[in-house]
Each structure stands twice: as structure tokens, then as C-alpha cells.
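First up is the structure itself, then whatever we jot down about it.
What's counted below: heavy atoms across the whole structure, side chains too, no hydrogens, waters or symmetry copies.
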Amino acid sequence: MLQPAPYLHSWTKCWQVFLLLLAFLSSSYALAHPKEANHTASSKPTSRPTNQPTSRPSNKRRHPPCPEKTRKACSYWKGCQANSGLDCQMLGNMHLNGTGVPKNHAKAFPYFDKACTLGDKIGCNNAGYILHQGVHVKHDVKRATEYYAKACRHKQSTGCWNLGYIFHFGAGKVKPNYKWAMVYYGMACAQKDATACNNQAVLYQRGLGVKADGQKAAILYEGACLLKYAIACDNLASLHHKGKLLAINLKKALLYYRMGCSSGSGVGCNNAGSFYHHGKAGKQDHKKAAELYQKACTKKVPMGCYNLGFMFEQGLGVQRDDKKARHFYQLGCRGKIGDSCYRLGEVYRKSGKGTSYLIRAYQYYELGCRLGSSTGCNDQGIALFNGIGIAKNNRKALQQVKKSCSMNNSMGCYNLGYFYTQGIGVSKSRVMALYFYDKSCKQGSGLGCNELGYAYQKGLGTHKSPKLARRYYQEACELGSSRGCSNLGYCYNVGLGGPKDLKKALKWYHYSCKRNEVTACNNLGSMYDKGEGVKKDFKKAYTLFERACQMRLGLGCRNLGILYGKGSGVRKSCLVANLLFREGCKLKDTNSCKQKCK
């Protein structure tokens, strides 16, 4: 008969003994290996509550390790892995700009691409930008436009602007399309993107893709200017200044140049300074001009430095200071303003500090000429002719004066005419001289017009024509030539090329003599001596002849000697008269050589 109960009891008892033995062995192992036992206890996760069961940690990770090397970059990386478009975009920007990580467009692109996929509009624009620039990645304008289009559709103004820019100027296989450029610039401008408004205005101003429209251009420029975009302010000022599409309005031009200056445009500061300097929109204000030139120079506009140097050289709005003038001319010259180099040479030449300064003067004339200053080329030629800071060289002087004239410099053409008149470095030719005097006159040189008048008066290289002589002398006078005014006075005095008018003769002789034109002083003295158009006045005649003689005019010395010989307005003295005749003879007045007082 079976007995299951005792069998079960004996099996249970054996099992209990086995468990007791196993527990004993485990406790013995722990006591024998204390480090391993402690390690097992410390592996319990500290973030979990203590009442939770422990488990052995797994060697498998849920995410791959962060490839970035800074904590901030890793933070963005984790966010990007969690599909945060903003974090992907921020991490891309770090690689794009080299912020905290090495600059690398190739590393930035995947993050921007993912950001774009996740709906981040800036990510779309920046992905397009990287492909557009082609730095560290393959240049791909077609894909760039796709990314820009996504950004633009999400109303990201920079994306629209970039599309406008590509269609405006063309890139890769994308040819310029001004109509599409206008569309995308317009979309960006509607979102208050000042650069887009400015570029759209440029298209209207130049008539690209649309009919040229100054009014629309002005409205868009003004909108961008009010958004503090300085270039737009300058462009709007230029529209009012030049008057090509709008009526000239110099007051508005000055207003917008000043707004551009306030928004950070050095060009605006320089142009506003020029308005005050020359009184283009009201009274001259040299002090304001100097202040604005200073701002322009501080903003690294070389022309502003050049203009400020001129103010210090001339003492306009500031105290005259050649040292400061040299400093600012130097800055302008470094900025490749040829005229600034030339003016720097002038300051060195006029300093009177010896040969080393004259050598520097020549060097700056030469540099100015190389940088495109026509006046620099002319002055380099004159320095070579006179041996200023370099050995005389008439042939090279002729070359530099020719170069100046070819750049439409009126003084260069005048001097070239003089070289042909005198045969300096070239064969004498009155015809060629006349040609260059005529060119100089047409370019606004009073000296050129005066020489042209003299040629027609004497028939040098052309037929005699008193009427043309008188006309050119008048033009020379109007252009500020004191010698031209003196010769115009002579025409009125003797009736050359028209009727006599002694009052006008006196007027122009007076004008020219005040400006140290020696012939005018002598001729005015003759009018007082003879009583022509004025009451005889030997004392005045004496003063004027004396001045002419002191200015090294032989005829003036002879006329003064005649007064001493006759005792007119001065005590008679043949001794003094003969000394003056001798001086006149030395000054190449042939009649003085024949004159004697007995």
C-alpha cells in the first residue's frame, strides 16, 4: 500500500537542509571577499527610491555617446536627437560661426538640414547659405535655392532676401532674373527687412526688371533708412543730390546724409561734411564740416581723413596744425586716396625743413600719381622740372605732365602747353602749345584761357584776333586768373578788341594789383602818372611803380627811375634814377638799358 505523505515529508526536509547549506556558503563567500560585496551594494541606483528592488546595471546604452566636445554643444545635440528643431539650429550655428567649437560648415550642414526638416525656418535658410557659399561642402546653388524657398515660405525674411540676391546677381547656373529678384526682395521688405527694401529700390532706380521710377525708389529707400539702414539713407540722399530721377533738393540730400551718418555710415558723415564745407545747402559751417569729417575718419572712411587733413592744413573750422594735417593726410593716403598723398607731399614741400622733407614731398607726389591723382602727376612733373626732392629731368617731367593732362587735369594741360612753348623736353611748337592751352581753358583753367588770349593777341601759332584775345582774357578773369583780369584791364585801357573804357581798366588793374599781379600794378601806376581816367597823382604812381620794381618787373623800375629823373612826386635824383635804370636793365627791360638821367 502506497504512503505518499512520509515521502513528501522526507523530500521537504532534504530541500530545507540544501537551502541552509547554500545560505551558509554565500555568507562565507561575502566575508572572505569584502570588496566584491561592497561593490555589489554600491551598484544600487542612487536616483531610485530605496524601497525599489535592485538590479545589475546593463552595459548597453540607450543613445550613442555625444560626438561634441563641449557641454553646451552636447546639450544642444541631445535636444536635436530628441527632435528639437531649435536645438539642431543652435548647434549648427555653433559650427557655422565657430562658437566654442572649430568652425566647420560641413559639420553645421546636417544639423541645419535636420532643423529645416523639423520646421525650423532659420535652419532652412542657413542650410541654403552653406550650400550657396560652398565652404567645406560642395557648392550647389540649385539646392541652396530650395532651402531658401522653404525658409521664405515660412516667412523668414533672410531666406527671401537670399533668393532675391541670387536672382539679382546670378549664381552658378542661375542667371540673373530681375523680375523674380523684385518679387523676393518685395516679400522680404514686407517683413521689414531693410536690406531687401534697399535692394528693391536699387532695381527701381536702375530700371532693372521694371521701368526706372525715382519716386518708388525714394519711398523704399526712405523706409529702409527709417529702419536705420545707413546705406539706404546715403542712396536716398544721392537721389536728391544728383537729381537724375528726382528734382535736385540739396536740403533733403543733407538731411538724409546726416541720417545715414547717425545710423553709422562714414560715407554719409563725409558727404554731410562736404555740404557744410562748401555751403551747398545753406551757409558754410567749417566747424560742423570738420566735426563730420572727424566722424567719417573715425569710421575708417579714407576720404573723410583726407578732408579733415585739408581742414587742418588750411585752418578751416579748426586751428591750423600742419602736424595734424600730415597725420590725417597719411591716413587718407594709406586708404589709397591719391589726392591725400599729393596733399601730404605739399605739406612736406612747404614746411621748409630741408632736403629730407623735399625728398618725401616728391615721393608722395609720385605715390599720389600712381594712385590716380592727376594733380599728383602734375606736381611730380613740376618737381622733376625744378629739381625738387630729385634730380632735374625734363624728359620725365614732360611724361608726367602729359599723364596729368590725359587725366583731364587743367593745370597739367596748361603746363604741357608751357613745355611746348618753351621747348622743355620736346621741340618748340606754338601750334601744340595753343592746342593744350585751349584744352586747359575748356577744363576751367583761367591760366589756360589767358595764354590762349595772349596767343590771339600776338598771333602765336594762330592768326591775330583782338576780339578773341579780349574774349579769352575776360573768360580767364571770370575763372579767377588775376593775370587774365590784368590783361582785360589792358584791353579796356587801349581799346584792344573793343571800345576803350578807362573806368573798367582802372577797376581790373586795381583788382589784379591787390592780388600781386605785377603788370597790373605798373599799368595802374601809369594811369595815375598820366591822369588817364583819373586825376594825376604822382605819389600814387610812385607807390605803384615802386611795388612793381620790388616784384622784379624791369618796366616798373624804369618808370620809377623816370619819376626820380623828373622829380615827379619825389625829390629829383639822377643818381637814384640811373641806379633804377640799371636794375631794370638787369631784369631784361631793354629800354632801361638805353635810359639815362643827366
- Do the side chain of Asn415 and the main chain of Met411 share a donor and acceptor less than 3.5 angstrom apart? yes
- Side-chain donor or acceptor of Asn378 paired with backbone N/O of Ser404 under 3.5 Å: no
- Compare every heavy atom of Gly498 with every heavy atom of Arg470, then report the nearest pair and how far apart it is. NH1-CA, 2.6 Å
- Query: Shortest non-hydrogen contact from Gly453 to Ala469?
  - Reply: O-CB, 3.3 Å
- Task: Output yes when a side-chain donor or acceptor of Asp321 lies under 3.5 Å from a complementary backbone atom of Lys323, and no otherwise.
- Result: yes
- Item | All side chain to side chain donor-acceptor pair (under 3.5 Å) counterparts of Thr421, not counting sequence neighbours | Tyr437
- Task: May I ask you to check whether over 12 heavy atoms, not counting those of Tyr454, lie within 6.0 Å of atom OH?
- Result: no
- Message: Under the disulfide bond (SG atoms under 2.5 Å apart) definition, can you give me all pairs with a residue in residues 515-548, not counting sequence neighbours?
- Response: Cys513-Cys521
- Evaluate the criterion side chain to side chain contact (heavy atoms under 4.5 Å, CB included) for residue pair Lys598 and Cys574; output intermediate values, then yes/no. CA-CA 6 Å; Lys598 297 179 181 179; Cys574 278; 5.7 Å; no
- Provide the full list of side chain to side chain donor-acceptor pair (under 3.5 Å) pairs with a residue in residues 536-552, sequence neighbours left out, each pair given once. Asn516-Arg547, Tyr542-Tyr564, Arg552-Glu583
- Message: Test of understanding: with side chain to side chain donor-acceptor pair (under 3.5 Å), list the residues that count as partners of Tyr492, not counting sequence neighbours.
- Response: none
- Kindly write out the residues that satisfy ring-ring contact (aromatic ring centres under 6.0 Å, His included) with His278, not counting sequence neighbours, or none if the list is empty. none
- Message: Classify the ring geometry of His277 against His286: parallel below 30°, tilted from 30° to 60°, perpendicular beyond 60°.
- Response: perpendicular
- Distance under 6.0 Å and angle within 45° of the ring axis: does Arg206 meet both against Tyr204? no
- Query: Will you find, in the side chains of Ser445 and Ser440, an N or O donor that is under 3.5 Å from an N or O acceptor?
  - Reply: yes
- Got more than 12 heavy atoms from elsewhere within 6.0 Å of NZ, Lys596? no
- Query: Short question: side chain of Arg515, backbone of Tyr511 - any donor-acceptor pair under 3.5 Å?
  - Reply: yes
- Item | Side chains of Gln330 and Leu344 in contact at under 4.5 Å (non-hydrogen atoms) | yes
- Message: As a quick check of understanding, evaluate ring-ring contact (aromatic ring centres under 6.0 Å, His included) for Phe436 and Tyr414, giving each step before the final call.
- Response: CA-CA 6 Å; Phe436 287 112; Tyr414 167 76; over 10 Å; no
- Message: Tell me if the centroids of the rings in Phe538 and Tyr528 come within less than 6.0 Å of each other.
- Response: no
- Message: Set out, in order, the CA-CA distance, both residues' side-chain angles and the distance that settles side chain to side chain contact (heavy atoms under 4.5 Å, CB included) for Asn409 and Thr375, then state yes or no.
- Response: CA-CA 7 Å; Asn409 183 281; Thr375 311; 3.3 Å; yes
- Query: Sequence neighbours excluded, which residues qualify as ring-ring contact (aromatic ring centres under 6.0 Å, His included) partners of Tyr229?
  - Reply: none
- Message: So, taking the atom named NE2 in His327 and the one named SG in Cys297, what distance separates them when rounded to the nearest 0.5 Å?
- Response: 6.5 Å
- Query: Is there a donor-acceptor contact under 3.5 Å linking the side chains of Asn270 and Asn307?
  - Reply: yes
- Task: Write down the atom of Ala383, the atom of Tyr365, and the distance for their closest heavy-atom approach.
- Result: CB-CD1, 4.2 Å
- Determine whether the aromatic ring centres of Phe419 and Phe385 lie less than 6.0 Å apart. yes
- CG of Leu398 to CD1 of Ile424: how many Å apart, nearest 0.5 Å? 9.0 Å
- Message: Restricting to non-hydrogen atoms, name the atom on Thr462 and the atom on Ala455 that form the minimum distance, rounded to 0.1 Å.
- Response: CG2-O, 4.0 Å
- Would Arg258 and Tyr276 satisfy side chain to side chain contact (heavy atoms under 4.5 Å, CB included), going step by step from the backbone distance to the final call? CA-CA 11 Å; Arg258 293 212 64 169; Tyr276 284 113; 3.1 Å; yes
- In terms of side-chain heavy atoms, does Tyr221 have a donor or acceptor partner in Gln205 at a distance below 3.5 Å? yes
- Would you mind telling me which of Val570, Ile562, Leu563 makes a side chain to side chain contact (heavy atoms under 4.5 Å, CB included) with Lys566? Ile562
- Distance, nearest 0.5 Å, that separates CG of Leu384 from CD of Glu366: 8.5 Å
- Message: Can you tell me if Lys439 has over 12 outside heavy atoms packed within less than 6.0 Å of its NZ?
- Response: yes
- Residues in side chain to side chain donor-acceptor pair (under 3.5 Å) contact with Gln380, at least two apart in sequence or another chain: Tyr362, Gln400
- Task: Could you please spell out the steps behind the side chain to side chain donor-acceptor pair (under 3.5 Å) verdict for Glu517 and Tyr509?
- Result: CA-CA 9 Å; Glu517 182 55 46; Tyr509 284 152; over 6 Å; no
- Item | Taking every non-hydrogen atom, the tightest pair across Ser512 and Cys485 | OG-CB, 3.2 Å
- When you measure from the side chain of Ser263 to the backbone N and O of Ala230, does any donor-acceptor pair fall under 3.5 Å? no
- With sequence neighbours excluded, what pairs up with Ser481 under the side chain to side chain donor-acceptor pair (under 3.5 Å) test? none
- Can you sort out the partners of Phe275 under ring-ring contact (aromatic ring centres under 6.0 Å, His included), two or more places apart, ordered by chain and number? His241, Tyr257
- Contacts of Tyr364 that satisfy ring-ring contact (aromatic ring centres under 6.0 Å, His included) - sequence neighbours left out: Tyr348
- Message: I'd like to know if Arg349 and Glu346 make a salt bridge, using a cut-off of under 4.0 Å between side-chain N and carboxylate O.
- Response: yes
- Item | For Leu220 against Ala201, the heavy-atom pair lying closest together | CB-CB, 3.6 Å
- Here the ring-ring contact (aromatic ring centres under 6.0 Å, His included) pairs for residues 576-598, sequence neighbours left out, are none
- Query: What's the verdict on side chain to side chain contact (heavy atoms under 4.5 Å, CB included) for Met407 and Cys377, showing C-alpha distance, side-chain angles and the deciding distance?
  - Reply: CA-CA 9 Å; Met407 297 163 78; Cys377 295; 4.0 Å; yes
- Item | Under the salt bridge (Lys or Arg N to Asp or Glu O under 4.0 Å) test, residues paired with Arg320 that sit two or more places apart | Asp322
- If you count the non-hydrogen atoms of other residues, nucleotides and ligands that lie under 6.0 Å from NZ in Lys504, is the total more than 12? no
- Indicate whether the side chain of Asp529 and that of Asn559 have a donor and an acceptor atom separated by less than 3.5 Å. no
- Would you check if the side chain of Ser238 reaches a backbone N or O of Asn235 as a donor-acceptor pair within less than 3.5 Å? no
- Does one side chain, of Asn523 or Asn493, offer a donor that lies under 3.5 Å from an acceptor on the other? no
- Do Glu222 and Tyr256 have side-chain N/O donor and acceptor atoms under 3.5 Å apart? yes
- Message: Between Ser340 (side chain only) and Tyr329 (backbone N and O only), is there a donor and an acceptor less than 3.5 Å apart?
- Response: yes
